[in-house]
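The structure under discussion appears below in the form of structure tokens.
Heavy-atom basis, side chains included; hydrogens, waters and symmetry copies ignored. Counting starts at 1 for both ligands and their atoms, following the listed order.
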Amino acid sequence: MINFNLSEEQELLKKTAKDFAKNELLEGAVNRDENKIWPKEQISKMANLGFLGMMVNPKWDGGGMDTISYSIAMEEIAAVDASAAVVMSVNNSLVCYLIEHFGSDFQKEKYLKKLASGSNIGAFSLSEPQSGSDASNMITTAIKDGNHYILNGTKNWVTNGINSDLVLVFAITEKGIGHRGISCFIVEKGLSGFECGKAENKLGIRASDTCELYFDNVKISEENRIGEEGEGFKIALSTLDGGRIGIASQALGIASASLYHSIQYSKEREQFGKPIANNQSIQFKLADMAMELEAARLLTWKAAWMKDQHKNFSAIASMAKVYASEVAMRASTQCVQIHGGYGYIAETGVERLMRDAKITQIYEGTSEIQRVVIARSLL
Ligand code: CAA
């Protein structure tokens, strides 16, 4: 049986996230973007609302919510500030998820509780300068030394890299056996030999931080290895399946904001003696945006539902991410077009949507990689 109604709790959560975004994120979003200011105060308020560990079991100080609830909250936050949304997404669907599902009780007690309550922020570090889409082609090593590992290498494109308290790092523990030689570690900030690079100067999501990480003989305790040696790559890929629902939801937020601003502006803006919304050329753009947004949301919620039902959701999560991110890109581009010259300047706030949309087609697996995942599941 199919039911498209949100539950009472989900409706309440949607309103809470929408009000929070309007009251706490909206003001200053353009300034934070322009000046690359990480939303520290706003993230701590999001933590107080329980937005940083939404799906984690309450036993580990999380919200115990389902993935559709997470998607709803992500969409509302991203509609106003996609930078704050990616901080939330990485902490929830990559870091908390990974430790909860693959970590030991010791790791959950020591790290997950702080991450789920939002008193700590986490980052996820898989990519390296030479290995992006081909993620298993990494060269960072973690060589066993008694009951420790010695970590050496360089990682890049790490969201929350600078502002996090710990990073989940994937490294080779056994060379020459491909992905079966990769393991996953919790690496705390402040360890000797662990340095962050400068914040990248990005096209969009400029208020979130992205940096390189450098490991020079960093000593990591064996108890910080997640899972068994050699399980790291599968842990990374199965975590990314859920992460892609988070990014699809971020894209939904950008698309819904694009539609909202397009409707408002086209009703207000008059040319040739009438609102531009009276023109069929504008109406068709609005209709396409609404139609595609609806389809993207249904796909994303289906992926979230399948994850919660413990079905294989890898391909549908990829479908949701690739489709929602393309919808966000089209909708935000049309939004700028509808605003004309006013859409092209920062103060109006809509060019930010277009810049922010682009990354949703790239991180947590490019659109091309999502299509690889989808095609493999078909074949
Ligand atoms: N879950 C669990 N295991 C999986 C899996 C999944 N979804 N997909 C594949 N596997 C398993 C396979 O079964 C295989 O195991 P066996 O050898 O035992 O059969 C193993 O993992 C390797 O799989 P493949 O041979 O298919 O691996 P591949 O090297 O061909 O790569 C890929 C597959 C889909 C291209 C993968 O590399 C990929 O997703 N690449 C993109 C990486 C990515 O998303 N990076 C984003 C980094 S995070 C980020 O963006 C930054 C941020 O901070 C937001």
Side-chain angles (χ1 to χ4, degrees), residues 74 78 82-83 85-98 101-102 121-138 140 155-164 166-170 172 177-184 196-197 199-200 202 204-205 208-213 227-228 230-251 303 306-307 310-322 325 356 358-379:
M74 269 293 298
S83 291
V86 75
V87 178
M88 174 176 164
S89 178
V90 167
N91 204 69
N92 274 279
S93 46
L94 296 184
V95 182
C96 285
Y97 177 88
L98 192 153
H101 287 83
F102 302 102
I121 298 292
F124 179 92
S125 182
L126 178 67
S127 304
E128 299 183 4
Q130 79 296 335
S131 62
S133 293
D134 186 7
S136 70
N137 188 32
M138 61 180 63
T140 293
K155 294 282 180 182
N156 69 350
W157 311 137
V158 186
T159 306
N160 297 345
I162 293 170
N163 288 288
S164 54
L166 63 86
V167 185
L168 300 178
V169 178
F170 298 87
I172 295 171
I177 53 169
H179 72 80
R180 291 191 181 85
I182 294 172
S183 305
C184 176
C196 298
E200 302 288 357
K202 298 172 293 189
I205 55 161
S208 69
D209 77 82
T210 308
C211 69
E212 287 194 329
L213 300 179
E228 296 301 320
E231 288 181 355
F233 194 59
K234 288 188 188 182
I235 290 175
L237 292 189
S238 82
T239 300
L240 280 165
D241 286 341
R244 288 164 184 168
I245 298 175
I247 301 305
S249 309
Q250 182 191 28
M306 285 181 69
K307 174 170 170 279
H310 307 292
K311 295 178 188 292
N312 184 343
F313 68 98
S314 181
I316 193 150
S318 286
M319 288 182 198
K321 182 183 181 283
V322 77
S325 62
D356 288 348
K358 187 62 205 167
I359 191 62
T360 65
Q361 296 182 302
I362 299 172
Y363 59 17
E364 297 200 25
T366 61
S367 296
E368 292 74 13
I369 287 298
Q370 307 309 326
R371 287 184 166 89
V372 167
V373 173
I374 297 163
R376 282 183 183 179
S377 82
L378 299 174
L379 296 169

Test item: Asp209 side-chain N/O and Cys211 main-chain N/O as donor-acceptor pair under 3.5 Å:
no
Candidates Leu98, Thr239, Leu126 - the one meeting side chain to side chain contact (heavy atoms under 4.5 Å, CB included) with Leu168:
Leu98
Residue selection (non-hydrogen contact nearest atom 5 (C) of ligand 1) among Leu240, Leu237, Asn312, Ile362
Leu237
Do Ser367 and Ser325 come within less than 4.5 Å of each other through their side chains, counting heavy atoms only?
yes
Hey, which atoms in ligand 1 end up nearer than 4.0 Å to a heavy atom of Arg180?
16 (P), 17 (O), 18 (O)
Should one rank His179, Lys234, Glu231 by closest heavy-atom distance to atom 3 (N) of ligand 1, which comes out on top?
Lys234
Please write down residue, atom name and distance for the protein heavy atom closest to atom 51 (C) of ligand 1.
Trp157 O, 3.4 Å
Hits for ring pair (Phe, Tyr, Trp, His ring centres under 6.0 Å) against Tyr363, two or more places apart or cross-chain, chain-then-number order -> none
Tell me, which protein residue and heavy-atom name are nearest atom 7 (N) of ligand 1, and how many Å apart are they?
Asp241 OD2, 2.9 Å
Looking only at distance, does Asp134 have an N or O less than 3.5 Å from an N or O of ligand 1?
no
Which atoms of ligand 1 are found less than 4.0 Å from any heavy atom of Tyr363?
50 (O)
Measure up the Phe102 and Tyr97 rings against each other and bin them: parallel (under 30°), tilted (30 to 60°), perpendicular (over 60°).
perpendicular
To check you understand the geometry: which heavy-atom pair defines the closest contact between Gln250 and Ala82, and what is its length?
NE2-O, 2.9 Å
Select one of side chain, backbone, both or neither to describe which atoms of Val373 lie under 4.0 Å from any atom of ligand 1, heavy atoms only.
side chain
Does some non-hydrogen atom of the protein lie less than 4.0 angstrom from atom 32 (C) of ligand 1?
no
Any donor-acceptor pair under 3.5 Å from Asp356 side chain to Gly204 backbone:
no
Residue pair Ile172 / Thr140, side-chain heavy-atom distance below 4.5 Å
no
Starting from atom 50 (O) of ligand 1, find the nearest protein heavy-atom neighbour and note its residue, name and distance.
Glu364 N, 2.7 Å
My question is simple, although I want it checked carefully: is atom 10 (N) of ligand 1 less than 4.0 angstrom from any protein heavy atom?
yes
Any N/O of Gly365 closer than 3.5 Å to an N/O of ligand 1?
yes
Give the atom numbers and elements of ligand 1 that come within less than 4.0 Å of a heavy atom of Ser127.
47 (C)
Per-atom filter on ligand 1: closer than 4.0 angstrom to a heavy atom of Ile369 are 35 (C), 38 (C), 39 (O), 40 (N), 41 (C)
Under 4.0 Å from any heavy atom of Ser314, which atoms of ligand 1 are there?
7 (N)
Among all protein heavy atoms, pick the one closest to atom 39 (O) of ligand 1 and tell me residue, atom and distance.
Arg244 NH2, 3.2 Å
Just need the protein heavy atom nearest to atom 37 (O) of ligand 1, so name the residue and atom and give the distance.
Ser133 O, 3.3 Å
What protein heavy atom lies closest to atom 26 (O) of ligand 1? Include the residue and the distance to one decimal.
Arg376 NH1, 2.6 Å
List the closest protein heavy-atom neighbour of atom 27 (O) of ligand 1: residue, atom name, distance to the nearest 0.1 Å.
Phe233 CE2, 3.9 Å
Given side chain to side chain contact (heavy atoms under 4.5 Å, CB included), test Phe124 with Val167 step by step and report yes or no.
CA-CA 6 Å; Phe124 179 92; Val167 185; over 6 Å; no
Ile121 side chain near Asn91 side chain, heavy-atom distance below 4.5 Å:
yes
Taking atom 53 (O) of ligand 1 as the point of reference, which of Leu94, Thr159, Asn137 owns the nearest heavy atom?
Thr159
Any chance you could measure Ile245, atom CD1, to Ile316, atom CD1, to the nearest 0.5 Å?
9.0 Å
Do the side chains of Glu364 and Arg244 get close enough for a salt bridge, i.e. N-O under 4.0 angstrom?
no
Give the residue, atom name and distance (to 0.1 Å) of the protein heavy atom nearest atom 29 (O) of ligand 1.
Ser136 OG, 3.8 Å
Report yes or no: does Asn156 contribute a side-chain atom to a donor-acceptor pair with the main-chain N or O of Glu212 at less than 3.5 Å?
no
